[in-house]
*Asks:* 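Have a look at the structure that comes next, please.
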Amino acid sequence: MTEEKHFVEIRHAKKSFGTLEVLKDINLTVERGQIVGIIGSSGSGKSTLLRAINDLDPLSGGEVWLDGVQVNKSLPHRQYEKHINAMRQQVGMVFQHFNLFPHLTVRDNVTMAPKLLKGISNDEAETLAREQLEHVGMLEKIDAFPSQLSGGQKQRVAIARALAMKPKLMLFDEATSALDPELVEEVNQVMKKLAEEHMTMIIVTHEMDFAASVCDRVLFMEKGVVVEEGPPEVIFKNPEKQRTREFLRKHIEGAA
Amino acid sequence: MDVDLMMRVYPFFLKAAWVTIQLSILTTILGLACGALGAAARLSRFAFLRFLGAAYVSVIRGTPALIQLFILYFGGPQIGIQLDAFEAGVIGLGVNIGAYMTETIRGSIIAIDKGQREAARTLGLSKVQAFRKVTLPQAFRLMIRPLGVNINALIKGTALVAAISVVELTYTAQRYIGSTYKPFEMFLLSGVLYMIIIYGTGRVITWLDRKARIV
């Protein structure tokens, strides 16, 4: 075990659903400001790994650390709830299916959590909502309900909602997989913007081009293990492992 | 058809209709309370509470409401429960419809996509906050119509309390048949009044449902 402190550190992550081992001893470190992509076919465990970082899918074994604090430490139930809620406030998450709150306006989607958890005033909430929606180019839809938005617009609002909590780390779980092809780009643009602002991000994606263009490092996962890890130039252009090459070849064929 | 007779007795039926309305309102309130508690029990993380909730639902739904009323009203005094007919009617019917409402409420809550809860939890909301701010407001909207169906059944179900001599619409019809020998007119009169009550309730439910609908 190294002594130096990483911003995000996953040590020996293991996860089983019944007899199915989804994660088999995974290690991952991410430094502040880094953007890490995770690729692999469905069922490879990449989403499970991402969801373990904020304990949405608790690990069966191993540790998750964020900024010097263990996320999944063992505590009595009540204390753990408190601890995990505080941890999650620091980690934004964006889902494949957006999961916007359909009963709330765009404004309230963005401000609900900050109002509830940080006790900000209505004026501050309004400023925050405008600021965050401006950032993702959705300010003009501030009074709309989610059902009135396109998929790409929903996802941009979902990103604004996550950013409104001022997270240290953003997790993207196939953020563009449910979108029509012509709507993917607007979401990618927002993510690129975050990258330029040096937001630390972990991105699970099926979009190799996007991963190649924004990520500092890419992990290829298969059957619960990290097969290969490295800079995108190496992973996409000149991978070492046979399995990585096969996956990428299939993926390109599939996309063509 | 003896319209003249109907015109003469209908004020008494209106009075009886008011009793039916009172029964319906009180039963609805008690039913919703039992339904909310029942649903909370069935969704609890404590196995014992889940068992209690499930037992309540299957016992109540597995036996006739009339038998439940008889046990309460006629059997009650034997075990020290003294209720007048109206009280027994409200409690019996309320606890009965509460079992059906338990399932309605529970169903509406579990119908809310788990992604909603996850999104709320990832923002840092506690379980209770996520339930109050995200799951419940959406579940409320879902449950209005099916609760309306429960209430519709409950209003018609109030006819059962005639059997324990509560002077409501059905009992009143029977009483006037005793003196007039005109069952067609008397039951028709009470039937029409039931329908008016149910139609009015239906309109209220539709209005609520429309008002609660998300854009």
Side-chain angles (χ1 to χ4, degrees), chain A residues 47 50-51 53-57 77-78 80-106 108-118 143-149 154 157-158 161-167 169-171 173 178, chain B residues 32 36 39-41 43-51 104-148 205-215:
Chain A
S47 282
L50 192 76
R51 291 161 58 87
I53 294 173
N54 62 6
D55 207 45
L56 225 42
D57 278 335
H77 181 76
R78 266 170 193 282
Y80 185 74
E81 279 293 304
K82 251 191 153 146
H83 159 76
I84 200 67
N85 293 338
M87 292 306 295
R88 283 174 176 157
Q89 290 188 34
Q90 305 169 40
V91 182
M93 183 150 190
V94 175
F95 300 87
Q96 182 178 1
H97 296 290
F98 330 123
N99 300 352
L100 287 182
F101 306 129
H103 60 299
L104 300 178
T105 60
V106 164
D108 292 342
N109 263 279
V110 173
T111 59
M112 182 187 67
K115 271 169 127 170
L116 204 57
L117 302 171
K118 296 185 170 174
D143 293 311
F145 281 88
S147 60
Q148 299 166 321
L149 306 178
K154 281 181 194 170
V157 172
R161 174 177 70 178
L163 291 174
M165 286 301 289
K166 311 275 156 109
L169 168 70
M170 285 287 286
L171 308 175
D173 191 4
Chain B
L32 287 172
L43 296 170
S44 167
R45 64 190 170 93
F46 300 109
F48 180 66
L49 288 179
R50 285 201 301 276
F51 167 78
T104 302
I105 294 170
R106 184 180 77 105
S108 307
I109 290 170
I110 59 179
I112 304 304
D113 183 59
K114 103 177 195 296
Q116 289 290 309
R117 210 167 46 238
E118 284 183 352
R121 295 305 307 276
T122 28
L123 288 165
L125 272 69
S126 69
K127 264 184 196 157
V128 176
Q129 287 170 327
F131 183 72
R132 242 186 37 225
K133 293 284 182 178
V134 175
T135 307
L136 201 54
Q138 294 182 61
F140 265 140
R141 289 164 168 86
L142 275 187
M143 67 178 78
I144 293 173
R145 287 229 160 241
L147 281 177
I205 299 287
T206 306
W207 177 78
L208 277 175
D209 184 56
R210 199 163 297 156
K211 224 176 129 74
R213 196 165 299 162
I214 302 164
V215 182

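Every chain is numbered from 1, with letters handed out A, B, ... down the list of sequences. Values reported hereafter were calculated over all heavy atoms of this structure, with side chains retained and with hydrogens, waters and symmetry mates removed.
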*Asks:* Counting only non-hydrogen atoms closer than 4.5 Å, does A:R51 touch chain B with its backbone (N, CA, C, O), its side chain (CB onward), both, or neither?
*Replies:*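 Interface part for A:R51: side chain.
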*Asks:* Once you round to the nearest 0.5 Å, how far does NZ of A:K154 lie from NE2 of A:H97?
*Replies:*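 Reported value, rounded in 0.5 Å steps: 11.5 Å.
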*Asks:* Is a side-chain N or O of B:Q138 found less than 3.5 angstrom from the main chain of B:T135, in a donor-acceptor match?
*Replies:*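 Checked: no pair found.
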*Asks:* For B:A120, is it the side chain, the backbone, both, or neither that has a heavy atom closer than 4.5 Å to a heavy atom of chain A?
*Replies:*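 B:A120 touches chain A through backbone and side-chain heavy atoms alike.
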*Asks:* For each of A:M165, A:Q90, A:E81, tally heavy-atom pairs with chain B at distances under 4.5 Å, and name the one with the top tally.
*Replies:*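 Of A:M165, A:Q90, A:E81, A:E81 has the most heavy-atom pairs under 4.5 Å with chain B.
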*Asks:* Between chain B and each of A:A113, A:P167, A:P114, count heavy-atom pairs under 4.5 Å; write down the option with the most.
*Replies:*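 Top option by heavy-atom pairs under 4.5 Å: A:A113.
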*Asks:* With a 4.5 Å cut-off on heavy-atom pairs, point out which of A:V91, A:L100, A:I84, A:T105 contacts chain B the most.
*Replies:*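 Most heavy-atom pairs under 4.5 Å with chain B: A:L100.
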*Asks:* Does OH belonging to A:Y80 count more than 12 external heavy atoms closer than 6.0 Å?
*Replies:*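 Counting neighbours around OH of A:Y80, more than 12 heavy atoms of other residues, nucleotides or ligands fall under 6.0 Å, so yes.
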*Asks:* Start with the C-alpha distance between A:N85 and B:S126, add both sets of side-chain angles, then the distance that settles side-chain hydrogen bond (donor to acceptor under 3.5 Å, both in side chains), and finish with yes or no.
*Replies:* CA-CA 6 Å; A:N85 293 338; B:S126 69; 4.9 Å; no
*Asks:* Quick check for you: to the nearest 0.5 Å, what is the distance between B:L136 atom CG and A:H103 atom NE2?
*Replies:*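 Output value for this atom pair is 9.5 Å.
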*Asks:* Heavy atoms only, distances under 4.5 angstrom: which of A:F98, A:F101, A:F95 has the most pairs with chain B? Name it, please.
*Replies:*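 It is A:F101.
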